[in-house]
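Here's the structure we're looking at; comments come further down.
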Amino acid sequence: MTPSGARRARSAIVALCLLMAGGCAVAGHGSFVLVLYSNGRLVPGNIDVEAGLRSAIDSSAKRPVQIFSEFLDRPEFVGEAYENTMTTYLHDKYADHPPAVVVAVARDSLDFVLRHREALFPGVPVVHSAVFASFPTPLRPMPADVVGVPVDYDIGGTIEQALRWHPKTERIYFVTGSTPRDRQWDALLRDKAARLGGHLQPEFLAGLPIDDLTARLRELAAGSLVFTPGFYQSGDAQWFSPRDSVELIAQASAVPVYGTFSTFVGTGAVGGRVPRFEAMGRQAGEIVNSLLGGAAAASLELPERMPNTLNVDLRQTRRWGISDADIPSDAVVEFKQPTFWEAYRTAALIGATVILLQAGLIAALMLEHRRRRKAEVALVQRGSELAHASRLAIAGELTASIAHEINQPLAAILANTEAAELMLKSGHRSADEIGSILADIRRDDLRASDVIARLRALLAKHTIARQPLELNEAIAQGCALIEGEARRRSIELVMRPSTNPVQIVGDRIQIQQVLINLVLNAMDAVDNLPEPRRTIVVAIAERADSVSVTVSDRGHGIAPDDLPKLFDSFFSTKRRGMGLGLSITRSIVEAHGGRIGAASTPGESTVFHVELPIRVEAHAGHQERR
Ligand code: ADP
């Protein structure tokens, strides 16, 4: 059988099927879908239809379905010769590989398929998409295996919506082109315009050269609107896609532009009540899926029309003063400017979290700082109390010598008083001698009260003062407090002041406490040693930016193992020692910004060395309460 003979036989079988069942399943035909578009490949409506079609087929087909696309490239390519060329091409290409389903997109394609399907795709069901119901169909009724959901661009609904938004409208300008299809639109719009309310004046800008058209549009007065299905060709024979023509119209127009296709949203037009091309493609894809799944075309229950939805460009509604609240809630609104929250939500959330964390951290640090400060104050307080307690302990150690120092002048006073009494009784009344005795009594009294005053100063609880003081003088006063003790113990206390006075900033009583601690320890170290070794030297020497005070003795020294523990609290080698003196001494020295150390040759000598910063002028007079 020749190929054309085989095709005829197949056609006969299909025709029989159609007669018997009002349609026949596509099983047995090719396995791919052929989509035939009316216009060119890049016409925006086609791109949207194809996206919808492919998404529907891809999402529900059981196996991958191949889709081939052909384009009639209307309206640029027309005429008998072109049509013959196309049919020959399609015939030769698909004769031996017939598609399972043909999808005809838009009116020209459907008309073409209806005219040539017997020759090209006999028995192959046809699904139409994006076919405008208002244009007449060559075949009525449509064959049972040609199915689809037609569209009915809601021109009346679009104009009604526009009038609601622009209630002062008096004129509507209908813009169309010059191809036969454009003229068909013009006729249809004139028919619709005739049915508009009487107060509205329709104007028709049909088939104008581009320059004339844009000039007219630019001059449109307020109270006018433009409605257009776009056009393929202008009056001066320039070709356009409908979308491109609407872009030109919207750019020129001084008044809002409404139109028929969803693809016009984004060109500068406001929009229209229309079905979306993607939805048309998806609807066709679902029908294809049913047919590929074995359903008969005639058995499909399909909606009568594609639903219309209001599609708008939010930038344009705002541009023409339409309130967002006046846009119906079911409208498809495109080009929404994202709110700050929508646009930067993630960044804002991250930023807010960082700020919150930072705030939390700062609060925690401030709290920590306050706690630390409190703890420091408490520590200083404790330190001061401890230092005071230690001074009381020193006083305890000095009791014998203090008693001696007070007793001495008291005894002298007593002796002098007795001598004076004797002189008076014996009648020996030399005024000079009595005057000399009274002077002695006064001197001894002052001596005793001086001892008590110094002791009171050492023992009184006082606020730590950081004030300028001359170190030689402060140390000499400290030595005076323990000179009596040294004498009592037969120890020589030698003080070697620095060549020049040295100013430091600090607390006089605490500096003296340091000295007394070190000297008392030195006294303990030399206590039982022979005479030549019972000398303690306190020396003050000025350095570049510090002053050193050394307390040296030739006592029993310190064992190397004990040296690192000297300044630890409760370290003592003495039978009745508390082991707090040196640890308190170090705290005081460090609180004055200085340091303390010790060096010793066991059995021979020990030197304690204190280094304190010299007063810088700016610190003068500065007092700190702790
Ligand atoms: P305490 O005098 O109560 O023992 P300190 O803290 O004042 O406490 O002294 C700690 C220890 O350091 C002393 O027990 C002693 O062993 C040692 N020490 C201090 N000064 C000297 C010194 N000049 N010579 C030898 N040992 C010393």
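Not measured: the values here are computed from a predicted model. Remember, it's 1-based here, ligands and their atoms both numbered in the order they're listed.
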Sorted by chain and residue number, the residues with a non-hydrogen atom under 4.0 Å of ligand 1 are Asn521, Ala522, Ala525, Asp553, His556, Gly557, Ile558, Leu566, Phe571, Ser572, Thr573, Lys574, Gly577, Met578, Gly579, Leu580, Gly581, Leu582, Thr606, Phe608
Going by ring pair (Phe, Tyr, Trp, His ring centres under 6.0 Å), name the pairs with one or both residues in residues 322-368, residues two or more places apart or in two chains.
Phe340-Tyr344
Are Arg534 and Glu531 ion-paired here, with the side-chain N under 4.0 Å from a carboxylate O?
no
Donor-acceptor check, side chain of Asn46 to backbone of Leu42, threshold 3.5 angstrom: yes or no?
no
Do Val312 and Val333 come close enough that some side-chain heavy atom pair is under 4.5 Å?
yes
Mark yes or no for whether Asp568, through its side chain, and Phe571, through its backbone, hold a donor-acceptor pair below 3.5 Å.
no
From the options Asp553, Thr606, Asp562, select the one residue that forms a side chain to side chain donor-acceptor pair (under 3.5 Å) with Ser600.
Thr606
